[in-house]
Structures are given as C-alpha cells and as structure tokens.
Amino acid sequence: MTKSVSLLSDDDIAVLKESSLLVGRTLAEVAKKIAPGVTTGELDRMAEEFIRDNGAIPGFKGLYGCPSTLLISVNEQVVHGLPGDRELREGDVASVDCGVLMNGLYGDSAFTFAIGEVTDDVKQLLRVTRECLERGIAAAVEGNRTGDIGYAVQEHAERNRYGVVRELVGHGLGRKLHEAPEVPNYGKRGQGTKLRSGMVLAIEPMINMGTKEVKQLSDGWTIVSRDGKPSAHFEHNVAVRPGKAEVLSTFQYIEDVLNERGYYVATPASGQVPTQE
Ligand code: MG
Ligand code: MG
C-alpha cells in the first residue's frame with residue numbers, strides 16, 4: 001500500500017469542483033431528455049456537445065479506448081455500458097456515468113435514473129444505493145481509512161440483502177481520472193489507506209438487487225449482474241476534511257429537472273446517516 005496519494009491544494013480543489021459541477025449540469029441535460037424511446041446514443045451525443053460548449057472536454061472519451069462521453073448501464077448492466085442504438089423503455093433503470101476534464105482537473109459523477117414508472121423493488125434499490133453513498137461520504141473524514149468508507153457502504157447494502165460489487169471500486173481523483181487510493185465499496189473498519197485532508201475521492205457504490213457476482217460482456221466493456229437482476233450506481237466527488245467531507249459534485253440540478261418532470265427521485269431516508277465513531 002505504498003502507492004502515493006496526491007493531496008490537492010484548496011485552489012486545485014476549487015477548480016476540480018467546477019469540473020464536478022459541470023458533470024452535474026451535464027447529467028441534468030440528460031435528465032431533461034431521458035424517456036422511453038430515447039436512445040442511449042442520443043443522450044451521449046447531447047452530453048458531449050454540452051460539455052464542449054462549456055469549454056471542457058469529455059473525461060472518458062479516448063481514455064483506455066473508451067469510445068463515448070457517457071457510460072450508460074441499463075437494468076442488469078452495472079457499469080460501463082456503451083451508448084448506442086438501444087432505446088430506453090418504460091420501467092428501465094439507467095445509470096449514467098460522466099466525466100469531464102476542465103482546467104486540468106477531472107470531475108466524475110454518476111446518477112441512476114428511473115425511466116417512467118418503475119417497480120417498488122427498483123425504487124428501493126435506488127434509494128438504498130443513495131443511502132450507501134451518503135454513508136460512505138460520512139465516513140470520508142480525516143483520520144479514517146478507506147476501509148471505513150467501504151464498511152459503511154457494505155453494511156447498509158447487505159442489511160438490505162443487496163449484493164456489493166467487488167470488481168469495480170471508487171478512486172482518487174485529480175489530474176488523472178483514476179488516482180490512488182482505491183475506494184472499495186466493501187471493507188473493514190480501520191483498514192486501508194489513511195485519509196488526509198486534501199485527498200479528493202470519487203465514492204461510487206455499485207449495488208446489485210441480487211447477487212454481488214458480475215461478468216463482462218463480449219464488447220469488452222459492459223459489466224452485468226450474473227443473475228440478470230437490476231443494479232444501481234451513484235457517484236459523488238468529495239474532498240476529505242476534518243470532521244466532515246466536502247462534497248464537490250451535486251445531484252441538485254438533476255433532481256430539479258426530474259421533480260419538474262414528475263420522474264422518480266430516490267431520496268435517502270433522512271437521519272439515517274450515522275456519525276462515525
Ligand atoms: Mg464515474
Ligand atoms: Mg469514478
């Protein structure tokens with residue numbers, strides 16, 4: 001565990017926050033358009049144009065050979081779904097992951113959308129996954145370790161009898177999209193990399209309604225749940241601080257649009273975020 005973890009200055013964190021907020025605004029554009037009959041490719045083209053119009057560049061496109069601006073993962077797809085001709089349908093859930101690079105620093109955030117009416121089971125999955133993210137963020141304070149974040153996420157997911165994906169993890173964020181440390185969504189308290197003020201983390205629970213087991217499709221990208229049950233994914237960027245993490249990304253723009261459209265918004269149950277001892 002000697003991989004060096006970069007700490008960002010407050011000035012750099014302010015710049016990175018602008019990237020994170022642009023991701024939030026891009027996902028709000030997606031929120032305006034996402035509906036039954038819309039293809040994932042249309043959403044991707046719109047997002048790329050929006051990001052470039054705002055003076056940034058897509059953060060994923062071209063990285064590791066990624067062909068797209070968004071990664072859109074529908075239903076049993078967990079993450080890394082490639083946009084294309086697929087039409088979204090009433091009752092689908094689609095996690096939309098987006099990165100941007102602006103002024104040398106990356107933002108990287110994801111939101112899972114319910115398309116039209118979805119089942120109560122799916123609503124609960126979305127709500128619990130949001131709560132997992134909130135709990136992970138609450139653990140991202142100076143002096144804790146990455147294992148405290150993973151523990152908080154895993155404990156809440158498994159108490160709801162959901163599967164926590166092991167193969168994909170959160171990460172440090174900065175001048176590169178993926179930096180040390182890894183931020184698993186499972187773990188043991190007091191283990192892993194020690195968190196220091198100025199570390200910026202992408203915390204991103206990937207929670208399956210059924211088994212935790214996943215497999216990759218033959219496109220070399222898409223990760224799906226092995227049992228075909230739905231999966232959800234929410235991601236925020238946070239700066240580690242003493243006492244309380246500073247959340248740099250936002251879902252507010254997305255939620256404003258969804259509320260106006262009457263689309264389901266997964267709201268974490270209030271008062272359930274435990275304080276870390
Ligand atoms: Mg992401
Ligand atoms: Mg990420």
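Remember, it's 1-based here, ligands and their atoms both numbered in the order they're listed. Computed over heavy atoms, backbone and side chain alike; hydrogens, waters and symmetry mates excluded.
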With a 4.0 Å cut-off on N to O distance, would you call Arg130 and Glu255 a salt bridge?
yes
Taking 2.8 Å as the upper limit, name the protein N, O or S atoms near the Mg ion (ligand 1).
Asp97 OD1, Asp97 OD2, Asp108 OD1, Glu235 OE1
Please list, one pair per line, the donor and acceptor atoms closer than 3.5 Å that link side chains of residues 78-93 to other protein atoms, with sequence neighbours excluded.
from: Glu90; atom 1: OE2; to: Glu117; atom 2: N; distance (Å): 2.7
from: Asp92; atom 1: OD1; to: Asn75; atom 2: ND2; distance (Å): 2.9
from: Asp92; atom 1: OD2; to: Arg89; atom 2: N; distance (Å): 2.8

Those residues that, when tested against Asp227, pass side chain to side chain contact (heavy atoms under 4.5 Å, CB included) (two or more places apart):
Thr211, Ser225, Lys229
Closest contact, heavy atoms only, Leu126 versus Phe234
O-CE1, 3.5 Å
Closer than 2.8 Å to the Mg ion (ligand 2): does that hold for any N, O or S atom in His171?
yes
Run the side-chain donor-acceptor check on residues 96-111: report pairs under 3.5 Å with partners two or more places apart or on a different chain.
from: Asp108; atom 1: OD2; to: His171; atom 2: NE2; distance (Å): 3.0
from: Ser109; atom 1: OG; to: Glu235; atom 2: O; distance (Å): 2.7

Near-ring test Tyr162/His156, centroid separation under 6.0 angstrom
no
